[in-house]
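Accompanying notes for the structure given below.
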2 protein chains.
Amino acid sequence: MSPRTARSTSTGKPDIRTVASLARVSIATVSRTINGSSAVSDKLSKRVWQAIEQLNYFPNTHARSLVSGRSRILGIIVENITNPFFPELIASFEEIAVTHGFELLVSSGNIQSAAQIETIVRRMLERKVEGVAVLTFGSEESVLDQLVNHGIPLVLAEFEVNNPRVSTILIDYATGVREAVEHLVQLGHRKIAYLAGPHTLHSAETRLHCFESATAVSGLRIRREWIVDADHTLKGGEAGMERLLRLKERPTAVICSNDMTAIGVLHAAHQARLSVPEELSVIGLDDIAFTEFTLPPLTTIGLSRHDLARAAFDALRVQVEAMAEPGGPPVQRRFEVTTKLVVRESTAAPRA
Amino acid sequence: MSPRTARSTSTGKPDIRTVASLARVSIATVSRTINGSSAVSDKLSKRVWQAIEQLNYFPNTHARSLVSGRSRILGIIVENITNPFFPELIASFEEIAVTHGFELLVSSGNIQSAAQIETIVRRMLERKVEGVAVLTFGSEESVLDQLVNHGIPLVLAEFEVNNPRVSTILIDYATGVREAVEHLVQLGHRKIAYLAGPHTLHSAETRLHCFESATAVSGLRIRREWIVDADHTLKGGEAGMERLLRLKERPTAVICSNDMTAIGVLHAAHQARLSVPEELSVIGLDDIAFTEFTLPPLTTIGLSRHDLARAAFDALRVQVEAMAEPGGPPVQRRFEVTTKLVVRESTAAPRA
DNA sequence: GTCGCGCATGGCATGGTTTCCACGGCCGTC
DNA sequence: GACGGCCGTGGAAACCATGCCATGCGCGAC
């Protein structure tokens with residue numbers, strides 16, 4: 001027995017060399033067998049696989065990444081992990097990524113400051129992510145330039161950038177929001193309020209914009225004070241609703257920028273002894289699992305986490321593959337996901 | 001200019017050699033400067049840092065891991081990402097880990113089958129995690145043996161294993177559960193039901209066990225049929241409550257194995273036109289953010305995600321550091337986290 | 001003045017894999 | 001029957017940072 005074999009036997013961590021010597025081939029052949037990068041005769045291939053199995057060998061990811069320059073890691077940045085929409089989105093994205101051999105680097109924490117983003121970007125750079133999905137984002141996107149400058153493909157939600165490395169996922173909020181407004185109008189509502197998300201969030205701004213267009217199309221006059229800032233949190237929704245309650249001319253329905261806000265609204269309404277949907281109709285957005293279990297169950301604009309995850313991954317994958325062969329055709333850079341109203345029990349005709 | 005410098009200038013990705021040549025020192029000195037592994041004169045150190053800054057250099061993680069054998073990655077396996085408790089737990093854990101220079105590999109998906117666990121363990125092995133926190137687990141822990149066999153430190157919640165590489169986090173559910181039972185007894189309840197979690201989960205079993213002890217201590221007679229299986233989900237809680245409602249002798253209060261279950265119970269009670277807390281008292285466990293916003297706000301047994309994350313990380317860190325110097329003292333292997341009743345509005349005296 | 005010691009520094013092997021290049025055998029062609 | 005080309009295979013460089021070992025310098029002690 002060669003000293004090599006002896007070593008590997010002692011440490012227990014099988015090497016590509018261990019495999020090679022057991023299969024009586026060169027390490028190059030083992031590599032080729034594993035990666036299928038070029039033809040290996042059936043005879044040797046069989047011996048190699050047998051040796052791999054016998055030793056329970058798997059390649060060292062670090063060595064592999066070091067030489068290939070590919071980490072097989074994707075980054076994902078989301079708005080706020082506290083909102084159940086995002087864990088589910090991440091889980092979906094991860095499932096897809098893993099089946100394609102990618103690992104995920106998740107920014108779990110809530111991003112509030114530019115410094116936090118900087119840290120995350122730094123971490124991603126250090127771990128050499130091959131691409132990043134930014135499924136939310138505010139005004140600090142200048143930090144993303146760092147990623148772009150390092151040549152890392154990006155996919156952004158709701159925000160287009162003139163850069164061949166950057167794709168965009170367009171979410172068709174317009175359809176869902178229009179359905180929501182029409183639903184309310186049909187029930188007889190004319191006075192509809194809107195609890196907006198943070199202005200730093202592109203997606204929140206788009207949602208607001210869709211609300212404004214949809215109400216305009218329906219010929220509604222929306223008073224200034226019916227559009228209230230919330231911050232996509234439970235407490236924000238509660239505070240926003242409390243402000244609406246203090247108004248002289250109260251709206252009869254509220255559409256919220258997300259479900260968290262809507263749940264906060266439900267709570268505030270209950271505190272104020274205002275019954276939903278009899279005295280106030282409420283509509284959320286996202287369709288998180290909890291909306292089926294609120295009192296009353298929430299009518300909401302559904303956005304499929306899975307579709308979004310799928311689109312984000314596909315966009316990223318196309319970009320990442322394109323990195324491998326720079327001479328390829330230009331990649332698709334726009335993807336779209338739709339929304340759809342889900343009617344439950346938080347909406348009804350207004351009183352009198 | 002040396003050819004080395006020329007190369008680095010062209011690719012744009014600065015090397016440790018690039019830094020070395022710019023600072024006019026050896027690569028060894030650069031390495032020492034960065035890692036502080038041994039003394040470097042102020043003069044050279046300054047030159048090196050300057051070069052690093054100028055080139056915007058940071059070390060290649062893969063090369064580093066390859067040579068050091070340390071990936072600086074920790075794995076974390078949780079029960080179910082759909083339950084908001086876990087995202088918050090992960091976020092907490094991550095924050096702590098990142099400040100200590102570790103990255104996280106998260107099992108985001110819900111684990112249902114042994115095959116899924118196998119996949120996760122495999123991924124962790126491939127990415128060479130230095131330790132894994134298993135913050136939930138069922139009967140399939142045999143798969144964890146693989147991790148243990150590879151010499152990877154583990155920290156388990158609620159489950160002790162006789163292995164020096166494995167630490168345990170004990171969660172003192174007893175205190176919180178006792179407080180909950182006493183609270184109900186004090187309000188006048190004698191008939192208390194329990195919606196249990198999956199029997200495959202150690203933590204769920206412990207919770208159930210604590211309920212049984214606490215009621216025994218309080219001298220309550222708990223009927224068999226008041227202990228109902230749920231599965232820690234919203235729907236499970238709903239279904240469990242529906243079963244309780246069909247009973248001839250109904251309980252006046254329900255304690256749930258987690259908050260998700262309790263929210264399901266609230267929903268089922270509402271459907272059955274049973275008002276909470278007047279006709280039924282409900283208590284959850286975990287104290288997730290939503291419990292403040294349910295109708296009525298949920299009385300629950302609080303378990304600090306942050307304390308748990310902290311304990312898990314500390315346990316893991318101790319183990320991981322111990323790996324570096326095998327001759328060190330034996331590591332601490334038991335940590336403890338407490339629970340505490342948070343009284344809100346879902347509990348009251350029973351009718352008549 | 002010489003010797004020895006310690007400390008700052010550099011050279012070089014090392015880690016595990018991929019990939020380029022070179023080699024040898026086989027088959028087909030003229 | 002000799003030669004060219006192709007395919008399967010092996011050898012070795014390269015990827016980048018770490019850490020051991022050797023070197024050279026300065027300083028204190030005798």
Side-chain angles (χ1 to χ4, degrees), chain A residues 2-5 7-8 11-48 51-52 55 57-72 125-128 324-325, chain B residues 2-5 7-8 10-48 51-52 55 57-72 101 125-128 324-325:
Chain A
S2 77
R4 227 176 237 318
T5 313
R7 179 177 62 79
S8 65
T11 65
K13 295 277 172 198
D15 208 336
I16 196 175
R17 271 170 277 261
T18 325
V19 176
S21 71
L22 181 61
R24 287 164 291 137
V25 297
S26 72
I27 61 170
T29 300
V30 177
S31 175
R32 280 188 285 253
T33 307
I34 292 171
N35 300 306
S37 47
S38 93
V40 175
S41 71
D42 284 357
K43 195 181 65 180
L44 292 199
S45 162
K46 208 170 140 194
R47 284 221 306 266
V48 170
I52 287 174
L55 294 165
Y57 162 84
F58 49 87
N60 181 317
T61 316
H62 300 302
R64 200 178 251 209
S65 299
L66 176 60
V67 60
S68 70
R70 321 197 55 186
S71 63
R72 307 270 90 184
L125 249 24
E126 278 174 3
R127 296 285 169 172
K128 299 223 177 307
E325 333 152 34
Chain B
S2 77
R4 224 173 240 322
T5 312
R7 180 177 61 80
S8 64
S10 67
T11 64
K13 294 277 172 197
D15 208 335
I16 195 173
R17 271 167 274 264
T18 325
V19 177
S21 70
L22 182 60
R24 286 165 290 137
V25 297
S26 70
I27 60 169
T29 300
V30 176
S31 176
R32 278 188 286 253
T33 307
I34 292 171
N35 301 305
S37 47
S38 93
V40 175
S41 72
D42 283 358
K43 197 181 64 179
L44 293 198
S45 162
K46 210 170 137 193
R47 284 222 305 267
V48 170
I52 288 174
L55 294 165
Y57 162 84
F58 48 86
N60 181 316
T61 316
H62 301 301
R64 206 180 246 208
S65 300
L66 176 59
V67 62
S68 69
R70 320 198 56 187
S71 63
R72 306 269 90 185
L125 249 24
E126 278 174 3
R127 298 284 168 173
K128 300 228 176 304
E325 332 152 37

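Below, chains carry the letters A, B, ... as their sequence lines are ordered, and counting in each starts from 1.
Between the side chain of A/S65 and the backbone N or O of B/H62 there is no donor-acceptor pair closer than 3.5 Å. Under a 3.5 Å cut-off, the side chain of A/T61 and the backbone N or O of B/E126 do form a donor-acceptor pair. Counting only distance, with no hydrogens or angles, the side chain of A/T33 and the backbone of A/V48 share no donor-acceptor pair below 3.5 Å.
Residues from residues 25-32 of chain A that place a heavy atom under 4.0 Å from any atom of DNA chain D, listed by number: A/V25, A/S26, A/A28, A/T29, A/R32. Contacts between residues 59-71 of chain B and DNA chain D, defined by a heavy-atom separation below 4.0 Å, involve B/P59, B/N60, B/A63, B/R64, B/V67, listed by number.
When rounded to the nearest whole Å, the span between CD of B/E126 and P of C/dG16 equals 17 Å. Distance, B/K128 NZ to C/dG16 P: 9 Å, rounded to whole Å. With rounding to whole Å, B/I34 atom CD1 is found 12 Å from D/dG19 atom P. Distance CG (B/D42) to P (C/dA8): 10 Å, rounded to an integer number of Å. Remark: C1' of D/dC16 and CZ of B/F58 are 14 Å apart, rounded to the nearest angstrom. Between B/R17 atom CZ and C/dC12 atom P the separation is 13 Å, expressed in whole Å. D/dC25 atom C1' lies 14 Å from atom CG of B/L44, rounded to whole Å. The NZ atom of A/K43 sits 11 Å away from the C1' atom of D/dG8 (whole-angstrom rounding).
Contacts of A/I27 classified as side chain to side chain contact (heavy atoms under 4.5 Å, CB included), with partners at least two apart in sequence or in another chain: A/I16, A/R17, A/A20. Under the salt bridge (Lys or Arg N to Asp or Glu O under 4.0 Å) criterion, B/R72 pairs with B/E130, sequence neighbours left out.
Applying the salt bridge (Lys or Arg N to Asp or Glu O under 4.0 Å) rule to pairs touching residues 26-36 of chain B yields nothing, sequence neighbours excluded.
A/R64 places a side-chain heavy atom less than 4.5 Å from the side chain of A/N35.
In this structure, B/Y57 and B/V19 approach most closely via the heavy-atom pair CG-CG2, 3.5 Å.
For A/S38, taking side-chain heavy atoms from C-beta onward, the closest of the listed nucleotides D/dT9, D/dC16, C/dT17 is D/dT9.
Rounding to the nearest 0.5 Å gives a distance of 11.0 Å between CZ of B/R127 and CG of A/N60. Separation of atoms CZ (A/R24) and CG (A/L22) is listed at 8.5 Å; rounding is to 0.5 Å. One finds the CD1 atom of A/I34 at 10.5 Å from the OG atom of A/S45 (value rounded to the nearest 0.5 Å).
The rotation axes computed at either terminus of the helix from C/dG1-D/dC30 to C/dC30-D/dG1 lie 50° apart, taking five pairs at each end and rounding to 10 degrees.
Toward the 5' end of DNA chain D, the nearer of the two residues B/I16 and A/V40, judged by each one's closest nucleotide, is A/V40.
Dashed line: the shortest gap from a side-chain N or O of B/Y57 to OP1 or OP2 of D/dC16 is not under 4.0 Å.
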